[in-house]
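Have a look at the structure below, then the notes.
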Amino acid sequence: MAVGGRSGARRSAPYRVCVLARTRSWQVRVIVTGMTKQVVVTERRRLTAIRAAWLFDGVGSALVANPMVVLDGAAIVGVEFGGTAPAGADVVDLAGATLLPGLVDTHVHLAFDASLDPVARLAARDDEAALAAMAEAGRASLRAGVTTVRDLGDRNYLSLLLRDRADQPTLVAAGPPITSPSGHCHFLGGVAEASAAGVRAAVRRHAERGVDVIKIMASGGTMTPGTRQECAQFDREVLRAAVDEAHRHGLPVTAHAHGTPAIADALAAGVDGMEHVTFWSAEGIDHRDDLLRAIVDQGVAVGATVGMVPVEGVAAPAQVAQRLPGIIENHRRLHHLGARFVAGTDAGIGPVKPHGVLSWAPPMLRQVGLSAAESLRAITSVAAGVCGLAHRKGRIAPGYDADLLVVDGDPLADPAALRRVRAVCARGRWVV
Ligand SMILES: [Zn+2]
């Protein structure tokens, strides 16, 4: 039996599935969603039993030996240790390997191609070419074991076209980020008039298009000339109107927020999550314990921009490098206070951020004080919760989607093991 959890996104209405009867060739299930009950008779596929040496289940603190994970199509139906495979199941023996849940990146941009100038490269592509490049970015994520991504900024709602495609990760999509005229990432097309009526209309447009989450640019950003990270882009009341309108449509809101005024306003507006959270000032980094405490008290998800591949000849911009110690100090404090911490890599924005970069995040999460297990939970079960998918993703447990990352080695003792990918399964289909 699978039990659906409670979480922010609208896909996650509580539900239960009970198997009433099962033979070799068919099964009868009762699906309970809210007050409605449905009896479903389906043909039964052959089960797949996967054996490995070790398992990290997404929520625990240690690896468990001799797992056997049983899949029925796109769903996990059993997890046992040292047991025998169900009669008639196909057995996949991954001797010596470690099983983890497929990874979940809470902040990517499939439309950016991780080149030195992804903005110009996107501008040179028409929608058809952009969509093809985005699909390749999605496949690269999957190959690295990232089976769920939350796209926090595309152009023309293109990422929505990639949802539910078999060759893509599970996609949670924001569409074009809502921004002020000439504001951060205005070139993606999500410009709203900087008034309460303006942002409400923009949120409604996004809701009508069917986005899963609202991304709003509360401050300027590094990628957009003419904007400044330390400056807020909307008045507090305008942000409040955007959040109110999104929540009226059942949509969570995450705010791009670098500068202290933007962070303070986003908190006052009641956002569900914040990205970057650097406390960037004109001279360096601000330290505001009152705001750090408010982030934790309000349960706001903190998307830390971690995960970077080393690329020869590419260094962090001086303005970032100079501020890094201050950013790490704030993030350490946030973690110490008990913040809900996830890794939102910003995959796609440059050569150090290729698609699939999430497996490089744990060492940076360790730097801000997360334990080895906490850093794996941050890129699996905790990230799934932040994406509104706590009931389907980020765990290896009965009822969860059959998303698996299979690696060589112990990813708790050695974070590099996450990059020794042996196989990847996405919704029951082997993609590597
Ligand atoms: Zn971003």
Side-chain angles (χ1 to χ4, degrees), residues 104-123 130 133-134 137-138 140-141 146 148-159 169 171-180 183-191 206 211-225 227-229 233 252-259 262-263 266 271-278 280 300-309 316-317 319-320 327 331 342-358 360-361 364 379 383 386-387:
V104 181
D105 193 334
T106 58
H107 185 158
V108 308
H109 298 279
L110 294 177
F112 293 147
D113 65 3
S115 62
L116 278 169
D117 193 349
V119 174
R121 295 270 288 257
L122 177 60
M134 291 168 72
S141 301
V146 184
T148 302
V149 297
R150 186 169 68 161
D151 190 300
L152 289 185
D154 68 8
R155 188 183 74 195
N156 289 349
Y157 300 91
L158 288 175
S159 61
L171 195 57
V172 178
I178 295 175
T179 193
S180 56
H184 182 41
C185 286
H186 61 87
F187 43 81
L188 293 175
V191 171
H206 281 68
V211 302
D212 303 301
V213 56
I214 294 292
K215 165 84 174 298
I216 189 160
M217 301 302 202
S219 76
T222 327
M223 279 184 111
T224 312
T227 75
R228 302 191 64 85
Q229 288 93 318
Q233 295 202 149
V253 180
T254 193
H256 161 103
H258 274 293
I263 291 170
V271 296
D272 304 279
M274 282 196 278
E275 309 302 312
H276 313 307
V277 204
T278 56
W280 190 289
V300 172
V302 176
T305 319
V306 293
M308 247 191 268
V309 303
Q319 54 170 347
V320 175
I327 296 170
H331 283 190
V342 288
T345 61
D346 234 346
I349 63 162
V352 300
K353 301 268 187 189
H355 292 282
V357 67
L358 184 62
W360 292 82
M364 291 175 78
I379 59 174
V386 167
C387 291

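The model shown is predicted, which means the values in this text are computed figures rather than measured ones. Counting starts at 1 for both ligands and their atoms, in listed order. The first residue in the sequence is number 1, and the count goes up from there.
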Pairing donors with acceptors under 3.5 angstrom, does anything connect the side chains of H107 and E275? yes
Classify the angle between the aromatic ring planes of H258 and H276 as parallel (below 30°), tilted (30 to 60°) or perpendicular (above 60°). parallel
Using 2.8 Å as the cut-off, count the protein N, O or S atoms closer than that to the Zn ion (ligand 1). 3
Would you check if there is a donor-acceptor pair between the side chains of D154 and H109 at a distance under 3.5 Å? no
I'd like to check R150 versus D105 (side-chain heavy atoms, cut-off strictly below 4.5 Å). Are they in contact? no
V213 side chain near L152 side chain, heavy-atom distance below 4.5 Å: yes
Partners of Y157 by ring-ring contact (aromatic ring centres under 6.0 Å, His included), sequence neighbours excluded? H206
